[in-house]
Peer 1: 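Just dropping this structure here.
In the text below, chain A, chain B and the rest are named by the order of the sequence lines, each starting its count at 1.
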Amino acid sequence: MRISIDTPDDFDFLECVNAHGWRSLLPFCWDTEPKVLERIEEFGDGNAALLTIRGSNGKLDVDAHGSAPEQDVVRRVKIMFQLDLDIARFYTYCAKQPALCHIPQLRQGRILRSPSLFEDAVKVIATTNTTWSRTKGMVARIVESFGTPLPGDAARRAFPRPDQIASVTLEEFSEKARLGYRNASVHRIATDIVEGRLDLESWRDSEITSQDLYKRLLSLPGIGPYAASCLMIYLGRYERVNVDSWARMMVGKELGRSVTDKEAHAFFEPYGEWKALVYHFYRWRESAPEF
DNA sequence: TTCCAGGGGTAGA
DNA sequence: TCTACCCATGGA
């Protein structure tokens with residue numbers, strides 16, 4: 001089944017896929033040539049399907065191999081590529097500043113994300129205090145140990161649902177996922193969702209203020225200021241910079257001394273409501289890890 | 001052996 | 001609000 005999904009004029013497939021390392025984390029699989037993004041996705045019926053996604057003029061062509069309801073495929077692809085995100089105001093802002101005017105020219109701004117906040121939260125936790133190669137390993141072990149396999153190819157699996165993680169003990173999860181001290185955080189988030197104490201997907205609601213959303217994200221185990229700010233970006237909220245070791249280093253160089261997180265935040269204050277997006281694309285242009 | 005990576009949690013000041 | 005310390009992991 002092929003589904004064509006119209007994309008906004010200010011959308012660029014490659015810029016979105018390359019906006020950060022998510023394309024290299026299972027169940028995404030990026031093929032540089034011929035520039036195809038694959039993803040194993042489960043649609044709630046216990047069967048996984050392979051999606052292959054290509055960008056072409058004004059649309060995304062999605063081939064679904066396996067059981068995949070069309071409406072659900074469209075909904076999830078729109079989330080992954082942030083197709084409903086209105087970034088016109090961001091482009092207007094960038095166009096006025098010489099240092100940022102390349103952003104609208106390149107049609108940067110949208111960042112590949114996961115169809116669920118649960119998956120993004122787990123992946124962000126797996127990026128904290130570790131190297132990128134280890135992040136890939138952690139995510140791969142979660143997918144390969146707990147995800148629904150693709151029919152006929154058990155080696156390829158979807159990202160596990162919360163109940164697939166919560167169905168095993170913390171000890172078993174830790175043994176298979178090997179996330180170090182992060183094991184308990186991921187297992188508890190999954191368990192809280194399954195037992196009805198947490199409804200992460202409802203946090204996508206635009207009625208929730210950014211301040212409230214940030215507080216909610218911080219309340220999750222394993223999610224601190226850095227991880228919460230990353231997730232805010234994926235949800236289209238850019239008021240908080242995800243200050244990391246690179247940001248501290250970069251601001252420190254500018255100021256000629258070591259800086260506190262507060263000083264790093266203050267450095268990006270002039271970029272107002274867009275500061276996190278400005279930092280994100282600056283950081284990836286200057287120093288993208290090998291992904 | 002020690003350090004470090006796209007930090008987080010906690011105690012104590 | 002800030003600082004110090006500890007928290008697995010595994011490659012360099």
Side-chain angles (χ1 to χ4, degrees), chain A residues 17-26 28 108 111-114 119-145 165 169-192 198 200 211 214-235 237-238 240-254 257-269 275-291:
Chain A
V17 169
N18 293 330
H20 65 155
W22 256 218
R23 70 176 199 195
S24 303
L25 297 180
L26 293 179
F28 283 120
Q108 291 180 330
I111 297 169
L112 182 69
R113 52 159 302 187
S114 309
E119 181 179 329
D120 275 339
V122 171
K123 287 179 171 175
V124 167
I125 289 173
T127 68
T128 57
N129 196 25
T130 188
T131 59
W132 181 248
S133 64
R134 276 193 244 308
T135 296
K136 288 197 282 189
M138 288 185 227
V139 173
R141 288 191 292 275
I142 292 172
V143 170
E144 289 162 0
S145 302
I165 290 175
T169 62
L170 172 60
E171 288 69 29
E172 184 180 343
F173 177 73
S174 306
E175 192 178 317
K176 290 180 174 168
R178 305 209 315 272
L179 309 182
Y181 62 89
R182 308 167 193 82
N183 286 315
S185 303
V186 170
H187 191 264
R188 203 180 106 197
I189 290 172
T191 304
D192 283 353
L198 182 62
L200 269 191
Q211 195 176 13
Y214 182 65
K215 279 185 186 169
R216 292 189 193 197
L217 291 166
L218 277 186
S219 74
L220 296 173
I223 302 287
Y226 164 81
S229 302
C230 281
L231 292 170
M232 295 271 288
I233 294 170
Y234 306 155
L235 291 167
R237 318 281 188 118
Y238 311 117
R240 268 195 76 86
V241 169
N242 51 324
V243 167
D244 54 11
S245 53
W246 198 87
R248 291 182 203 100
M249 182 270 295
M250 190 271 281
V251 176
K253 270 187 183 172
E254 290 288 329
R257 56 181 169 79
S258 62
V259 296
T260 63
D261 280 11
K262 195 176 177 181
E263 289 173 313
H265 281 291
F267 182 86
F268 295 103
E269 202 53 44
K275 59 174 82 72
L277 211 46
V278 169
Y279 171 65
H280 178 88
F281 284 100
Y282 178 77
R283 189 216 195 290
W284 247 250
R285 190 179 58 168
E286 295 297 317
S287 173
E290 290 299 319
F291 57 73

Peer 1: Which of the following nucleotides, B/dG7, C/dT3, B/dA5, is nearest to the side chain of A/T260?
Peer 2: C/dT3
Peer 1: Could you tell me whether the side chain of A/Y226 has a donor or acceptor atom within less than 3.5 Å of a complementary atom in the base of B/dG7?
Peer 2: no
Peer 1: Need one value for A/S245: base, sugar-phosphate or nothing, where a base atom within 4.0 Å counts as base even if backbone is also close, heavy atoms only.
Peer 2: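 Sugar-phosphate only.
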Peer 1: Mind calculating the distance between CZ (A/R240) and C1' (B/dG6) to the nearest angstrom?
Peer 2: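 Computing the A/R240:CZ to B/dG6:C1' distance gives 16 Å.
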Peer 1: Please state the C1' separation for the pair B/dG6 and C/dA4 - nearest whole angstrom.
Peer 2: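 Result for the C1' pair: 22 Å, nearest Å.
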Peer 1: Looking for any heavy atom pair under 4.0 Å, which part of the strands does A/L179 touch: base, sugar-phosphate only, or nothing?
Peer 2: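 No contact.
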Peer 1: A/D192 side chain to A/I189 main-chain N or O, any donor-acceptor pair under 3.5 Å?
Peer 2: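 Side chain of A/D192 to backbone of A/I189, a donor-acceptor pair under 3.5 Å: no, none is there.
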Peer 1: How close or far is atom P of B/dC4 from atom CG of A/D244, stated in whole angstroms?
Peer 2: 17 Å
Peer 1: What is the nucleic acid contact for A/A227, judged by heavy atoms within less than 4.0 Å: base, sugar-phosphate only, or nothing?
Peer 2: sugar-phosphate
Peer 1: Could you go through the ring pair (Phe, Tyr, Trp, His ring centres under 6.0 Å) check for A/Y234 and A/H20 one step at a time?
Peer 2: CA-CA 11 Å; A/Y234 306 155; A/H20 65 155; 5.2 Å; yes
Peer 1: Nearest-Å distance, CZ (A/R134) to P (B/dG6)?
Peer 2: 10 Å
Peer 1: Just checking, is any N or O donor in the side chain of A/Y226 or A/N129 under 3.5 Å from an acceptor N or O on the other one?
Peer 2: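 Result is no, nothing qualifies.
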Peer 1: Scan A/R178 against the nucleic acid and name what it touches under 4.0 Å (heavy atoms): base, sugar-phosphate only, or nothing.
Peer 2: sugar-phosphate
Peer 1: Please work out if A/L220 contacts a base, only the sugar-phosphate, or nothing of the nucleic acid, heavy-atom cut-off 4.0 Å.
Peer 2: sugar-phosphate
Peer 1: Between A/M249 (CE) and B/dA5 (C1'), how many Å, whole number?
Peer 2: 13 Å
Peer 1: Can you check the A/R248 CZ to B/dC4 P distance for me, whole Å?
Peer 2: 14 Å
Peer 1: Rounded to whole angstrom units, what separation is found between the CD1 atom of A/I223 and the P atom of C/dC7?
Peer 2: 22 Å
Peer 1: Could you tell me how far apart A/M232 (CE) and B/dG6 (C1') are, to the nearest whole angstrom?
Peer 2: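 Whole-Å distance recorded here is 18 Å.
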Peer 1: Considering all heavy atoms of both residues, which atom of A/L112 and which atom of A/V17 are nearest to each other, and what is their separation?
Peer 2: CB-CA, 4.3 Å
Peer 1: Rounded to the nearest Å, what distance is computed from the CG atom of residue A/L218 to the P atom of nucleotide B/dG8?
Peer 2: 9 Å
Peer 1: Should A/V251 and A/F268 be marked as a side chain to side chain contact (heavy atoms under 4.5 Å, CB included) after you check the CA-CA gap, both sets of side-chain angles, and the distance that decides it?
Peer 2: CA-CA 9 Å; A/V251 176; A/F268 295 103; 4.0 Å; yes
Peer 1: Report yes if at least one side-chain N or O of A/K262 is closer than 4.0 Å to OP1 or OP2 of C/dT1; otherwise report no.
Peer 2: no
Peer 1: Would you indicate which nucleotide in B/dG7, B/dG6, C/dT3 comes nearest to any side-chain atom of A/W132?
Peer 2: B/dG6
Peer 1: Pick base, sugar-phosphate or nothing for A/N129, based on heavy-atom distances below 4.0 Å to the nucleic acid.
Peer 2: base
Peer 1: Could you pick out which residue, A/G222 or A/C230, lies toward the 5' side of DNA chain B when each is mapped onto its nearest nucleotide?
Peer 2: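 Its nucleotide being nearer the 5' end, the pick is A/C230.
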